[in-house]
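Remarks on the structure that follows.
Proteins come first, then strands; the chains are lettered A, B, ... in the order of their sequence lines, and each starts at number 1.
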Number of protein chains: 2
Amino acid sequence: MEKGLSGARMQDIANEAGINKALVHYYFRCKEKLFEVIFKEAASKLFPRIVAIVNEEIPLFDKIRNFTRQYLEVVIENPYLPMFVLNEMHKQPHAFHAKMFGNNPPDFSKLARQIDEEYQQGIIKAVNPAHLIMNMMSMCVFPFIGKPMIQEVMKIDDLQFRYLMEQRKTEIANFIIDSIKK
Amino acid sequence: MEKGLSGARMQDIANEAGINKALVHYYFRCKEKLFEVIFKEAASKLFPRIVAIVNEEIPLFDKIRNFTRQYLEVVIENPYLPMFVLNEMHKQPHAFHAKMFGNNPPDFSKLARQIDEEYQQGIIKAVNPAHLIMNMMSMCVFPFIGKPMIQEVMKIDDLQFRYLMEQRKTEIANFIIDSIKK
DNA sequence: GTTTAGTTTAACCATTTGGTTAATGCAAAG
DNA sequence: CTTTGCATTAACCAAATGGTTAAACTAAAC
C-alpha cells in the first residue's frame with residue numbers, strides 16, 4: 001500500500017512479512033492476485049460504512065456530522081488507504097467499474113433526494129447535490145493524500161498533523177452546515 | 001505522468017515519443033533524471049501561480065474567488081497533474097522538502113494573517129486558517145484525483161465531468177464564502 | 001568533396017524481478 | 001515410529017527492464 005502495485009517488490013513484501021518470497025507466491029499465486037486481495041480489503045474498509053451512513057434515515061445535518069466523523073475515523077487509522085485506492089483506480093480505471101463495489105455499488109441518489117427535500121422544507125439553501133457531496137468527500141479525503149505537502153507547507157510533524165485531523169472530525173461538518181443552512 | 005515513476009517503462013516512453021529508447025537516454029541520461037525534469041515541470045505549473053494569488057493585496061473574498069477559479073483552470077487543462085505530483089510526493093516524502101519548491105516555498109502565513117484581520121473587522125466568522133486553506137485546496141484538487149471513482153458513482157462521461165468542473169470554478173468560492181461570511 | 005559535430009538507431013549487456021521447483025521441515029494422525 | 005499433508009526454503013529460471021555502445025545518418029562548416 002505504500003509503494004503501489006508497480007512500485008512494490010515481491011522480495012520486499014516477503015522481507016517485510018519475515019518470510020521467504022516463494023511463500024508469498026505459495027499463498028497468493030502471483031503479484032496481481034495478491035494486489036487484488038489487498039485492494040479489495042482496503043476498498044471494503046472505506047466504502048461499505050460510508051454507504052450505510054449515506055442511506056440512514058436521519059436529518060441531513062446529522063448525516064453530514066456522522067459521515068465526516070466516521071469517515072475521518074477510518075482514514076486517521078488507515079492513512080495510506082485513500083492514496084492507495086485512488087492511485088490504483090487512476091491507473092486502471094476500467095478494471096474497477098464493477099470489480100471493487102461488487103454487487104453493492106454506492107448510491108448517492110437517496111442523499112441527493114434528501115438534499116432536495118430539505119431545500120423544499122426551507123432548511124437549507126438551494127445547493128447542487130453533486131457539488132455538495134464532492135465537497136464533503138474532498139475535505140475528508142484530500143488532507144491524507146496531500147499529507148506530505150501539507151506537512152511541508154505548514155511545517156508540522158506527524159503528531160500535529162494527527163491533531164489537525166482530529167479537529168476536522170467536527171470542523172468539516174460545521175463548515176458545510178454553515179455554508180448550506182438557511 | 002499517467003503511470004508514475006515506477007509504472008512507466010522507458011521503452012513505452014520512447015514509443016510514445018516515436019523515437020528510439022537509446023535516444024531518451026541520450027537526452028536524459030537515466031530514468032531518474034527524466035523523472036526529475038517532468039516532475040519539476042509539472043510542479044512549476046501548479047505552485048507558482050497559486051503562491052502569487054495567495055499573496056496579492058486584495059480582499060479575502062476576492063482572493064478566494066481568484067484562487068479557486070485559477071487553480072481549476074490549470075487543473076482542468078492538466079488533469080493528470082495533481083495525482084502525479086501528490087502520488088510521487090507520497091512515495092518519497094523527504095526527497096521533495098526543498099527540491100521542488102526550490103528557493104520559493106509557498107508561504108500561507110500572509111493569508112492566515114489576512115483571515116485573522118478580516119475576522120477582527122467583522123467580515124467573517126472566527127475560522128481556523130489552517131482548516132480553511134485545507135478546505136479550499138481539497139475542494140479544488142480532489143475531484144481530479146477521484147475522477148474515476150466520481151465518474152463511476154455518478155455515471156457520467158468525460159464531457160459531463162468537465163462541465164461539472166467548469167461549474168466548480170464559481171461553486172467552490174460561493175460555498176466557502178457562504179460558510180465563513182458573517 | 002571532406003570534415004565535423006550533433007543526432008539516431010539496432011544490437012547488446014547486466015541486473016532486477018516475478019515466478020518455479022525440488023528438497024526439507026514439521027506437526028498431527030495412524 | 002511412520003506416514004501424511006501442509007508449510008517453508010534455497011536455488012534456479014526466463015522475461016523484463018534500465019542502460020550502454022559502436023556504427024550509421026545528417027546537415028552545416030570548411
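Using a 4.0 Å heavy-atom distance criterion, Phe28(A) is classed as making no nucleic acid contact.
Between Tyr26(B) and dG19(D) there is no side-chain N or O to OP1 or OP2 distance below 4.0 Å.
With a heavy-atom cut-off of 4.0 Å to chain B, the contacted part of DNA chain C has its first and last nucleotide at dG6(C) to dA10(C).
In this structure, Phe35(B) has its ring center closer than 6.0 angstrom to the ring center of Phe39(B). Aromatic rings of Tyr71(B) and Phe67(B) (six-membered ring for Trp) have centroids within the 6.0 Å cut-off, being under it.
A salt bridge is absent between Asp107(A) and Lys110(A); no separation between the charged side-chain nitrogens and carboxylate oxygens falls under 4.0 Å.
Residues Tyr163(A) and Ile150(A) fall into different hydrophobic clusters, defined by Ile, Leu, Val, Met, Phe, Trp and Tyr side chains chained together at heavy-atom separations under 4.5 Å.
In the model, Glu171(A) has no side-chain atom that pairs as donor or acceptor with a side-chain atom of Asn135(B) under 3.5 Å.
Residues of residues 9-21 of chain A having a heavy atom closer than 4.0 Å to DNA chain C, listed by number: Arg9(A), Met10(A), Lys21(A).
Phe161(A) carries Lys147(A) over the face of its six-membered ring, with the cationic atom under 6.0 Å from the centre and within 45° of the normal.
At whole-Å resolution of the value, CG in Leu23(B) and C1' in dG19(D) are 14 Å apart.
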| field | Worked check of salt bridge (charged side-chain N to carboxylate O under 4.0 Å, His left out) between Glu152(A) and Lys155(A) | value | CA-CA 5 Å; Glu152(A) 172 59 17; Lys155(A) 297 178 184 80; over 6 Å; no
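Here the rule is side chain to side chain donor-acceptor pair (under 3.5 Å) with Lys63(A), and of Gln114(A), Glu56(A), Glu57(A) only Gln114(A) fits it.
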